[in-house]
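Beneath this line is the structure, given in structure tokens, with notes to follow.
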Amino acid sequence: MPYPCGNRFEDLLKATTFKFKGHLSMNKLIIRADSGYGSFNNIKILQRTEVKFVVKAFSSQQSANLAKTIQNNQWQKINIQVHIVEIPVSKDLRIIACEFVGKDGKIKYSHLITNISSEKMSAIELFHFYNERQTIEAFFKTCKEIYGIKNLRTSKFYGIYGFLWLVFITHNLITLMKNTTFNSSKFQNIGVQALIKKLGSVFATVIEFKDHIEIVLPNLSKLAKLFVEALQPKYIQLSFHDFLNTA
């Protein structure tokens, strides 16, 4: 059974700061965490370390209460749906309140908590820096749906760390294959998920020889034939005229 975010946060933080202690010593480590880790206790734990952080606060009700203290002319426009404002807290802590339009069309509020100084990042820069997490979230959604990372067999940091590296390597190899070998084939524009599901249904035997491997496809379905065609060497027609000019 997985542990709640708050219960494992301190262990994850210790493992992360140990793993990247070189970055920490050079002040180049920033913890960027979502609201699952944004409790008051976790913020206190972060403050006791030397690490820089930007965390989305856990309580949306607290965000709404903070918004009530802000005048309309104080909000900074990010776009037509999002406004932010920095709320002074202390010398070592900053709060960035965010007003945005939710999926239901209603105004909602959240806030970010950080110890990164305004000299390093403005409120707008912090907002965009935090929101870069969305690309990570989209990738992890892909990993859950395609590579099965939602069925982890361990709650240990290094077990998860090692498994994720295998997933990343697998994804990069598939992407490389898609952008090179399949680049001029009918698989060129197919998504990674569809590619895995379609080609994953093709049964094949791989025979390894001393200097090469052979892939045996017992059932040459239409999909298998397309796969074989995609693996064929790509020949380029050279101009004899150009060859003479370079001789």
Side-chain angles (χ1 to χ4, degrees), residues 1-59 62 84 86-98 110-144 146-176:
M1 172 183 283
Y3 297 103
C5 291
N7 292 348
R8 66 180 181 179
F9 179 73
E10 195 162 7
D11 289 338
L12 287 171
L13 182 61
K14 287 179 180 178
T16 302
T17 52
F18 178 78
K19 177 67 179 178
F20 297 102
K21 55 187 175 183
H23 294 75
L24 182 60
S25 65
M26 295 185 290
N27 203 28
K28 292 184 177 181
L29 179 63
I30 300 177
I31 300 294
R32 184 169 51 184
D34 64 20
S35 59
Y37 296 98
S39 68
F40 176 80
N41 289 338
N42 286 345
I43 299 300
K44 289 298 181 183
I45 291 171
L46 283 165
Q47 285 185 290
R48 291 199 296 267
T49 69
E50 298 177 4
V51 70
K52 298 298 182 185
F53 62 86
V54 53
V55 181
K56 185 177 181 180
F58 177 76
S59 173
Q62 186 182 22
I84 66 167
E86 181 165 349
I87 301 174
V89 179
S90 67
K91 178 183 177 182
D92 303 318
L93 206 63
R94 300 166 65 195
I95 288 180
I96 314 299
C98 307
S110 65
H111 65 284
L112 305 176
I113 304 172
T114 184
N115 63 347
I116 300 173
S117 68
S118 56
E119 286 77 19
K120 295 290 184 181
M121 284 192 196
S122 67
I124 292 176
E125 288 172 329
L126 274 167
F127 173 82
H128 289 302
F129 175 73
Y130 177 81
N131 272 357
E132 288 174 0
R133 289 187 66 261
Q134 293 180 0
T135 57
I136 301 172
E137 294 293 342
F139 176 69
F140 271 99
K141 183 179 180 181
T142 299
C143 290
K144 288 178 181 179
I146 300 175
Y147 303 116
I149 68 169
K150 60 183 177 182
N151 297 316
L152 297 173
R153 297 295 185 268
T154 178
S155 61
K156 301 296 183 182
F157 176 82
Y158 284 107
I160 297 173
Y161 179 79
F163 179 72
L164 289 179
W165 267 111
L166 293 175
V167 169
F168 300 154
I169 292 169
T170 300
H171 179 77
N172 286 342
L173 288 174
I174 291 172
T175 303
L176 178 64

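One-based numbering along the sequence shown. Being a predicted model, the structure only gives us computed values, none of them experimental.
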When you look at Thr114 and Val55, which way does the side chain to side chain contact (heavy atoms under 4.5 Å, CB included) test go after all the steps?
CA-CA 6 Å; Thr114 184; Val55 181; over 6 Å; no

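- You'll find the side chain of Phe163 reaches within 4.5 Å of the side chain of Val167, heavy atoms only.
- A 4.5 Å side-chain heavy-atom check between His111 and Cys98 finds every atom pair outside the cut-off.
- Of the residues Thr175, Ile169, Thr170, the one that meets the side-chain contact (heavy atoms from CB on, under 4.5 Å) test with Leu173 is Ile169.
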Pair Glu86-Ile95, side chain to side chain contact (heavy atoms under 4.5 Å, CB included): steps then yes or no
CA-CA 6 Å; Glu86 181 165 349; Ile95 288 180; over 6 Å; no

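- Using a 4.5 Å heavy-atom threshold, the side chains of Ile149 and Leu164 count as touching.
- For Phe40, the CZ atom sits in a loose shell: 12 or fewer heavy atoms of surrounding residues, nucleotides or ligands are nearer than 6.0 Å.
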Show, in sequence, the C-alpha distance, side-chain angles and deciding distance for Asn115 and Gln47, and conclude whether the side chain to side chain contact (heavy atoms under 4.5 Å, CB included) test is met.
CA-CA 8 Å; Asn115 63 347; Gln47 285 185 290; 5.9 Å; no

Go through the steps to decide whether Phe53 and Ile113 satisfy the test side chain to side chain contact (heavy atoms under 4.5 Å, CB included), and finish with yes or no.
CA-CA 8 Å; Phe53 62 86; Ile113 304 172; 4.3 Å; yes

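- Ring-plane geometry between Tyr147 and His171 is classed as perpendicular, the angle between the planes exceeding 60 degrees on a 0 to 90 degree scale with a lower cut at 30.
- Val51 has its side chain within reach of Leu29: a pair of non-hydrogen atoms, C-beta onward, lies under 4.5 Å apart.
- A distance of 7.5 Å separates CD1 in Ile84 from NE2 in His128, rounded to the nearest 0.5 Å.
- Here CG of Leu12 is found 9.5 Å from CD1 of Ile31. Values are rounded to the nearest 0.5 Å.
- With Phe129 as the aromatic partner, Arg32 meets the cation-pi criteria of under 6.0 angstrom to the ring centre and within 45 degrees of the ring axis.
- Among residues two or more places apart in sequence or in another chain, the side chain to side chain contact (heavy atoms under 4.5 Å, CB included) test is passed with Leu176 by Thr180.
- Arg48 approaches Glu10 most closely through the heavy-atom pair NH2-OE2, 4.3 Å.
- When all heavy atoms of Gly38 and Ile43 are compared, the closest pair comes out as O-CG1, 4.4 Å.
- In this structure, Tyr161 and Phe157 have parallel ring planes: the angle between them is below the 30° cut-off, well short of the 60° mark.
- Put simply, CG on Asp34 and OG on Ser110 are 12.0 Å apart, with the number rounded to the nearest 0.5 Å.
- At most 12 heavy atoms of other shown residues, nucleotides or ligands fall within 6.0 angstrom of atom CZ in Phe18.
- Nearest heavy-atom pair, Tyr158 versus Ala15, reported as atom, atom and distance to 0.1 Å: OH-O, 4.2 Å.
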